2 protein chains.
Amino acid sequence: MVTITDVAKLAGVSPVTVSRVVNDSDYVSKATREKVEHAIEELGYVPHFMARGLRLNRTFTLALVLPDITNVFWTTVARGAEDAAMKNNFSILFYNVDEDVKKQDRVVDIVLSQQVDGVMIAPHDSDIKHLAKLQHNRVPTVILDRILDESQLEHKFDFVRGDSISGAYQLTRHLVRLGHKRIAMVSGNLHASTARDRVLGYRMALQDQAIPFDEDLIVYGEFKASAGAAMTHQLLDRGLTFTSIFAANNMIGMGVVRELLRRNIRIPEDMSIVFYDDYATDSDYFPFFTVITQQAYEIGYAAAEMLFSRMVNLDMPSRTQILPSTLIVRYSCGAQIKDGKSPLSLPVLAPSEFHQTTSRVKPIEDFSSDAGESSAKESNQ
Amino acid sequence: MVTITDVAKLAGVSPVTVSRVVNDSDYVSKATREKVEHAIEELGYVPHFMARGLRLNRTFTLALVLPDITNVFWTTVARGAEDAAMKNNFSILFYNVDEDVKKQDRVVDIVLSQQVDGVMIAPHDSDIKHLAKLQHNRVPTVILDRILDESQLEHKFDFVRGDSISGAYQLTRHLVRLGHKRIAMVSGNLHASTARDRVLGYRMALQDQAIPFDEDLIVYGEFKASAGAAMTHQLLDRGLTFTSIFAANNMIGMGVVRELLRRNIRIPEDMSIVFYDDYATDSDYFPFFTVITQQAYEIGYAAAEMLFSRMVNLDMPSRTQILPSTLIVRYSCGAQIKDGKSPLSLPVLAPSEFHQTTSRVKPIEDFSSDAGESSAKESNQ
DNA sequence: TATGATTATGAAAACGTTGTCATGTAAACG
DNA sequence: CGTTTACATGACAACGTTTTCATAATCATA
């Protein structure tokens, strides 16, 4: 590896001078600068981040800790964060923690170890002690998407999130206005404030519209499709009557839809449904579900920016930035009625057909030597 | 910040001994070990990655350079890579380059500077000189998803990718078997081998099925929805006849669908359509489009694993791993016909309705103080 | 001509680790 | 009892930077 000393030797100067040229940090004569730049070019020198970081006690790196990189919402947040980071010449270390406290604890330790200059995290809040480590080490931290009970904490965190209460309120009110009085809620796990806030918004809307609240219409579980399906199953088996379902996020919504399809329950004819969070980067594919969208990109961008401002002043009072959520009315509640019926509905297929027709076809064997069974293994070239 | 020396002082030993305890690297008596562990616990010591990295000349970090983190395909690759990395106690630095050579060059320099232990990159191949820098610095590198012209290169890279030729072949053959003879291709940018290979697979399938190839039925552009729409527009305006469209990836497909909807062309009644790459993590939402799915998770996982094996032997011959692609037949080609018509079709709505009904509703103002116009700004708490 | 500011460069130390070498003690062996 | 072997610990140097301090040459000013 080529070091600053190598460059210095070739240019016939001291390492200090090379450093000055690279960082443009002090007086260097024009002639020397040119010699050095030439040497850098010739040797293909790139500064050693770790050495510099060790000296400067900075890494120019941010950590982004997400529950599920597979969810478009988080993906879009990541993109916003990355753009903001790059603009400031920072890199992003990215960790997936799957709503798993153990993993989260481990990642917090790693992140600390990495000496990142800032952390953006959507935390599982059931182990706040571990999060407190970040404060203890004075690492600028932004809590994404969620609220924490900070009563135990010495310092406060910074926050960036969507407005879950308002969003859930809008979604519920929309259903009520369409005439629904029995609205089930398939909620997320209560360890996440987003789940709690969405229930709260839902309850507030019911109250405002004078609809009685029925505890039994709520089920709780993870923010996952499989959990959404299981919760829906459970809910339907309770033998209660309800005409609509509020899914606490897009993943859960996916599971809800899956279970409804399985039972041949039509949307919106038999059941209306709304999601919190849109379900695809661009829902042009299938603009069917009525949802709340959050400004995910902006959340990520704002979080990174907040870290940068925090870096310059560690002792600034803690801040909370709440971005508005937007209701997008589509067809899954039958809101757009034509000739007495919704122009679009699910399922168009009976469940049995549905599964049969989405069969997977084996890749062809007779075509390319790369295809077929052997292709999954390594082959030397 | 608490260092190894602080721990050493508290435990009454030398820093070396602490290091030995932390890394379990040499003889330490049980009593000493316990003293040290206790001190570590008490001070909340975490090792300093950069210092260690500087000493060991390793970072325990992999770089993942992707064209578009918004695309589920890449998201899933990222997940696979992250899982594999975490299993080996490695972290992932992640960069989004948007199919932009400039950005890619910059990221290559950054990555070099970061001294990562390995790089996974889906490269824009029009600046292979810059990629060669990675080799020159002997950084283990895996090329994701694509092929490079390595003729200029001193060493060869490792590769992990899906089988684009075979996938495109399957998709095209599927269309031909359904009776299509005029199949348009909305391709990606030719700088990416995936675009070239998919055209190749398409041509091979046509040839095998004795369908004449018409150059004018292919359009080229970026792997983006907007480009997909523009290319489709261009294609339709050529005044050619064709009955089906092959979209070179999911993003392009989205644009194709958007343009067809805009022109009120029904799918599959008026036009059949297939995508390369599935369009959502879990297409349960809307199992409509016939696609080729790649083993995206496995591609990411395999790439990271390949890096780990490369690290232990830099001089091992270069390897290529090709994962099979799978055809999923759904409804966008009318393959599943009932009573003479497809059970599911697009658009159900005329374009004008379509746009009108997906109107965005403003967030409510009268509810929470967080909602409304002020909420997009920062507020101190 | 003396004084001080400006420009230009380098030597040395430090950031927090860990590998190498040296030193020592205790146990095992003949 | 002397010698080897295993166990245990520490001093020192080094990884590649950059900051601080020191030195010196050049230039303008009194």
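Here is how names work: the chains are called A, B, and so on, in the same order as the sequence lines, proteins then strands, and each is numbered from 1. These numbers were taken from a predicted model, which means no experiment stands behind them.
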End axis versus end axis in the helix from C/dT1-D/dA30 to C/dG30-D/dC1, the angle rounded to 10°, five pairs used at each terminus: 50°

Please determine whether a side-chain nitrogen of the Lys or Arg among B/Arg319 and B/Asp158 lies less than 4.0 Å from a carboxylate oxygen of the Asp or Glu. yes

Would B/Ser91 and A/Gln114 count as having a side-chain donor-acceptor pair, cut-off 3.5 Å? yes

Start at the 5' end of DNA chain D and walk down; is the nucleotide closest to A/Val2 or to B/Ser14 reached first? B/Ser14

Indicate, with a heavy-atom threshold strictly under 4.0 Å, whether B/Tyr45 touches base, sugar-phosphate, or nothing. sugar-phosphate

Only one of A/Lys156, A/Arg310, A/Arg138 passes salt bridge (charged side-chain N to carboxylate O under 4.0 Å, His left out) with A/Asp315; say which it is. A/Arg138

Name of the residue among B/Arg146, B/Glu150, B/Met306 meeting side chain to side chain contact (heavy atoms under 4.5 Å, CB included) with B/Phe159: B/Glu150

Assign A/Val16 to base, sugar-phosphate, or nothing according to its heavy-atom contacts below 4.0 angstrom with the strands shown. base

Between A/Ala51 and A/Arg20, whichever has its closest DNA chain D nucleotide further toward 5' is A/Ala51

Between CG of B/Asp26 and C1' of C/dC21 the distance, given in whole Å, is 12 Å

Can you tell me the distance, in whole Å, between the NZ atom of A/Lys35 and the P atom of C/dA8? 13 Å

Students often get this wrong, so: under 4.0 angstrom with heavy atoms, is A/Met50 touching a base, only sugar-phosphate, or nothing? nothing

Would you indicate, yes or no, if C/dA8 has its OP1 or OP2 atom less than 4.0 angstrom from a side-chain nitrogen or oxygen of A/Tyr27? no

Please give me the minimum heavy-atom distance between B/Ile69 and A/Thr75, naming the atom from each residue. O-CG2, 2.9 Å

Is it true that B/Lys133 and B/Asp109 have a side-chain N and a carboxylate O under 4.0 angstrom from each other? yes

From CG of B/Asn57 over to C1' of C/dG16, roughly how many Å is that when rounded to an integer? 16 Å

Give me the atom names and distance for the closest heavy-atom approach of A/Asn96 to A/Pro67. ND2-O, 4.1 Å

Ignoring backbone atoms, test whether B/Thr3 places a side-chain nitrogen or oxygen under 4.0 Å from the OP1 or OP2 oxygen of C/dG16. no

Report yes if at least one side-chain N or O of B/Ser19 is closer than 4.0 Å to OP1 or OP2 of C/dG19; otherwise report no. no

Starting from C1' on C/dT17, measure out to CD on A/Gln114 and report it in whole angstrom. 15 Å

Does atom NZ of B/Lys9 have more than 12 heavy-atom neighbours from other groups under 6.0 Å away? no

Hey, does B/Asn23 reach any base, or is it just sugar-phosphate, or nothing, if we go heavy atoms under 4.0 Å? sugar-phosphate

Do we see a donor-acceptor contact under 3.5 Å between the side chains of B/Glu99 and B/His191? yes

Closest contact, heavy atoms only, B/Gly300 versus B/Met120: O-SD, 4.4 Å

Using chain B heavy atoms and a threshold of under 4.0 Å, write down where along DNA chain D the contacts begin and end, 5' to 3'. D/dC7 to D/dG16

Spacing of A/Arg55 atom CZ relative to C/dA13 atom C1', expressed in whole Å: 8 Å

Which part of the nucleic acid does A/Thr32 contact within heavy-atom distance under 4.0 Å: base, sugar-phosphate only, or nothing? sugar-phosphate

